[in-house]
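Accompanying notes for the structure given below.
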Amino acid sequence: MKNLLVTGGAGFIGSNFVRYMLDRYDDINIVVYDKLTYAGNLDNLEPVAPNPRYKFVKGDIAHRESVANALSANEIDTVVNFAADTHVDRSILDPGVFIQTDVVGVYTLLDESKNHGVDRFLQVSTDEVYGSIDEGFFREGDPLEPNSPYAAAKAGGELMVRAYHVTYGMNTVVTRGSNTFGPYQYPEKLLPLFITNAIDDEPLPLYGDGMQVRDWLYVLDHCSGIDLVLRRGEPGGVYNLGGENERHNIDVIKAMLSILGKPETLLRPVEDRLGHDRRYALANDRLYALGWEHSHSFEKALEITVDWYVKNEWWWRKIKSGEFRAYYEQQYGHRLKE
Ligand code: NAD
Ligand code: DAU
């Protein structure tokens with residue numbers, strides 16, 4: 001592993017991963033390949049911009065020629081694919097773009113990686129491919145029953161990765177991460193949306209009864225899990241990567257408000273998300289067998305995250321005043337009026 005292509009590296013987890021890897025290893029070069037959609041942001045990569053082992057290339061994973069150029073021009077031996085459309089609510093409003101990137105894009109990136117003899121291909125997938133579980137924990141062999149257009153598209157991409165391993169012998173691995181939080185997360189997702197709304201004393205639109213359960217994973221733990229699977233995962237292997245921090249949404253938000261010193265009266269129950277999954281939960285035994293451990297408790301990681309948004313208004317205020325306003329109106333305008 002010498003020359004890594006990190007696709008989607010200008011997004012939330014991808015940019016954290018690039019910083020993590022450059023800090024940790026001094027013998028790898030990283031090329032970030034990213035389309036810079038609304039969620040991609042070069043501000044996220046500002047801390048690594050001066051590093052001579054880092055380079056940025058703008059491109060779409062579904063564009064064959066650009067992918068081929070990025071692979072050959074940089075002698076890429078390892079691909080880590082974060083690139084995706086990632087927000088469940090947006091996939092409900094407009095599923096087509098999700099199929100284009102999360103299925104067609106993954107296929108194109110895989111196919112060109114095969115043509116260029118890439119040694120290792122890691123697909124960053126999600127616990128949402130399993131669907132919802134009321135009790136117990138999902139294991140890697142369980143059936144995939146995705147419920148949202150986002151989850152279905154991610155499952156499609158992931159199954160194509162499996163097919164390239166079985167059919168062509170490609171050296172692939174897949175991680176299925178749970179709900180991730182931390183610095184640089186686009187403020188459409190629950191925690192950054194609610195933290196930044198609360199800073200401005202705006203209402204917090206809680207879907208349904210707020211009793212849905214998510215398994216919260218700090219972004220640096222997600223990065224260390226991906227690094228471990230990249231290095232030690234068995235070819236063709238799939239690895240759950242869960243935070244083992246199950247919380248009801250309402251409790252996560254109350255904890256956040258208490259750190260911020262803001263009142264719970266900001267909470268506004270609104271019309272639920274369509275097809276809303278009730279609970280996600282993963283068994284992580286396969287990952288632990290590789291030697292994984294968490295670096296932060298949930299409480300500590302939440303404090304670090306809240307503090308980061310408080311101190312980095314320059315980062316999120318410009319996002320929230322741009323394209324985001326139209327999306328917010330479409331997603332929440334009617335909900336907040338009701
Ligand atoms: P994000 O939305 O913050 O970033 C996605 C990045 O992909 C952006 O930089 C965007 O510009 C880029 N991108 C989108 N379409 C592209 C295309 N066609 N070609 C090239 N680049 C493109 O996402 P995130 O939350 O950092 O998630 C990263 C990956 O991790 C995704 O694959 C997601 O499915 C997966 N994941 C996320 C979570 C989570 O809780 N955030 C949990 C598990 C898995
Ligand atoms: O589980 C992994 C997945 O986690 C990733 O694959 C996705 O890319 C990522 O977006 C995330 O999906 P969720 O749908 O779980 O995350 P989101 O932040 O959108 O919502 C978390 C929970 O909070 C969910 O139960 C819906 C609820 N919610 C969310 C928003 C944005 C609200 O109640 N109100 C909101 O405004």
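Ligands are counted one by one from 1 in listed order, and the atoms in each one are counted from 1 as well. Small disclaimer: the values here were computed from a predicted structure and weren't measured.
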Quick one: which ligand 1 atoms are inside 4.0 Å of a heavy atom on [X]?
{"X": "Asn179", "result": "40 (O)"}
{"X": "Leu36", "result": "11 (O)"}
{"X": "Ala39", "result": "2 (O), 8 (C)"}
{"X": "Asp60", "result": "17 (C), 18 (N), 19 (N)"}
{"X": "Ile13", "result": "26 (O), 27 (O), 30 (O), 37 (C), 38 (C), 39 (C), 41 (N)"}

Test your reading of the structure: does [X] have an N or O sitting under 3.5 Å from an N or O of ligand 2?
{"X": "Tyr280", "answer": "no"}
{"X": "Tyr332", "answer": "yes"}
{"X": "Arg214", "answer": "yes"}
{"X": "Asn249", "answer": "yes"}
{"X": "Asp277", "answer": "no"}

Can you tell which of [options] makes a side chain to side chain contact (heavy atoms under 4.5 Å, CB included) with [X]?
{"X": "Pro235", "options": "Val173, Thr172, Asn171", "value": "Asn171"}
{"X": "Val124", "options": "Val174, Val6, Val80, Asn81", "value": "Val80"}
{"X": "Gln212", "options": "Leu206, Asn249, Leu190", "value": "Asn249"}

Which atom pair, heavy atoms only, marks the closest approach of [X] to [Y]?
{"X": "Gly131", "Y": "Phe138", "value": "O-CE1, 3.3 Å"}
{"X": "Glu135", "Y": "Ile133", "value": "O-CG1, 3.0 Å"}
{"X": "Glu188", "Y": "Arg90", "value": "OE1-NE, 2.8 Å"}

Using a 3.5 Å cut-off on N or O atoms only, is [X] in polar contact with ligand 1?
{"X": "Tyr150", "value": "yes"}
{"X": "Thr101", "value": "yes"}
{"X": "Ile61", "value": "yes"}
{"X": "Gly177", "value": "no"}

Of all the heavy atoms in [X], does at least one lie under 4.0 Å from an atom in ligand 1?
{"X": "Ser178", "result": "yes"}
{"X": "Phe82", "result": "yes"}
{"X": "Gly59", "result": "yes"}

When you check the side-chain N and O atoms of [X] and [Y], is any donor under 3.5 Å from an acceptor?
{"X": "Glu244", "Y": "Asn284", "value": "yes"}
{"X": "Asn44", "Y": "Trp315", "value": "yes"}
{"X": "Asn197", "Y": "Lys320", "value": "yes"}
{"X": "Arg176", "Y": "Tyr130", "value": "yes"}
{"X": "Trp216", "Y": "Ser178", "value": "no"}
{"X": "His87", "Y": "Tyr38", "value": "no"}
{"X": "Thr86", "Y": "Lys189", "value": "yes"}
{"X": "Asn3", "Y": "Asn29", "value": "yes"}

Using a strict cut-off of 4.0 Å, indicate which atoms of ligand 2 neighbour a heavy atom of [X].
{"X": "Leu206", "value": "33 (O)"}
{"X": "Tyr150", "value": "5 (C), 6 (O), 7 (C), 8 (O)"}
{"X": "Glu188", "value": "31 (C)"}
{"X": "His87", "value": "19 (O)"}
{"X": "Val88", "value": "14 (O)"}
{"X": "Asp127", "value": "1 (O), 2 (C)"}
{"X": "Leu193", "value": "36 (O)"}
{"X": "Thr86", "value": "7 (C), 8 (O), 10 (O)"}

Give the contacting part of [X] toward ligand 1: side chain, backbone, both or neither, where contact means a heavy-atom distance below 4.0 Å.
{"X": "Phe12", "result": "both"}
{"X": "Lys154", "result": "side chain"}
{"X": "Thr7", "result": "neither"}

Practice task
Would you please classify the geometry between the Phe17 ring and the Phe82 ring as parallel, tilted or perpendicular, with 30° and 60° separating the classes?
Solution key: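 Phe82 vs Phe17 ring planes: tilted.
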Per [atom], closest listed option by heavy atom ([options]):
{"atom": "atom 14 (C) of ligand 1", "options": "Ala84, Gly14, Ser125, Ala83", "answer": "Ala84"}
{"atom": "atom 35 (C) of ligand 1", "options": "Thr108, Val124, Asp215, Thr180", "answer": "Val124"}
{"atom": "atom 23 (O) of ligand 1", "options": "Val104, Val88, Thr86", "answer": "Thr86"}
{"atom": "atom 16 (O) of ligand 2", "options": "Asp209, Asn179, Leu190", "answer": "Asn179"}

Suppose we measure from [atom] to each protein heavy atom; which comes out shortest, and what is that distance?
{"atom": "atom 12 (O) of ligand 2", "result": "Glu128 OE2, 2.7 Å"}
{"atom": "atom 14 (O) of ligand 2", "result": "Arg273 NH1, 2.7 Å"}
{"atom": "atom 32 (C) of ligand 2", "result": "Tyr207 CD1, 3.3 Å"}
{"atom": "atom 34 (N) of ligand 2", "result": "Pro205 O, 2.9 Å"}

Exercise for the section: List the steps, then state whether side-chain contact (heavy atoms from CB on, under 4.5 Å) holds for Ile250 with Leu267. Expected result: CA-CA 9 Å; Ile250 182 88; Leu267 275 165; 3.8 Å; yes
Exercise for the section: Return yes when His276 approaches ligand 2 closer than 4.0 angstrom through a heavy atom, no otherwise. Expected result: yes
Problem - side-chain hydrogen bond (donor to acceptor under 3.5 Å, both in side chains) evaluation trace for Tyr207 with Asp89 - result: CA-CA 11 Å; Tyr207 296 154; Asp89 290 326; 2.7 Å; yes
Practice task
Flag the pair Phe181 / Tyr218 as yes when their ring centroid distance falls below 6.0 Å, and as no otherwise.
Solution key: yes
Handout entry: Basic-acidic side-chain contact under 4.0 Å: Arg286, Glu234
Key = yes
Problem - CZ-CZ distance between Arg24 and Arg19, expressed to the nearest 0.5 angstrom - result: 15.5 Å
Exercise for the section: State, yes or no, whether a side-chain contact exists between Leu287 and Asn240 at a heavy-atom distance under 4.5 Å. Expected result: no
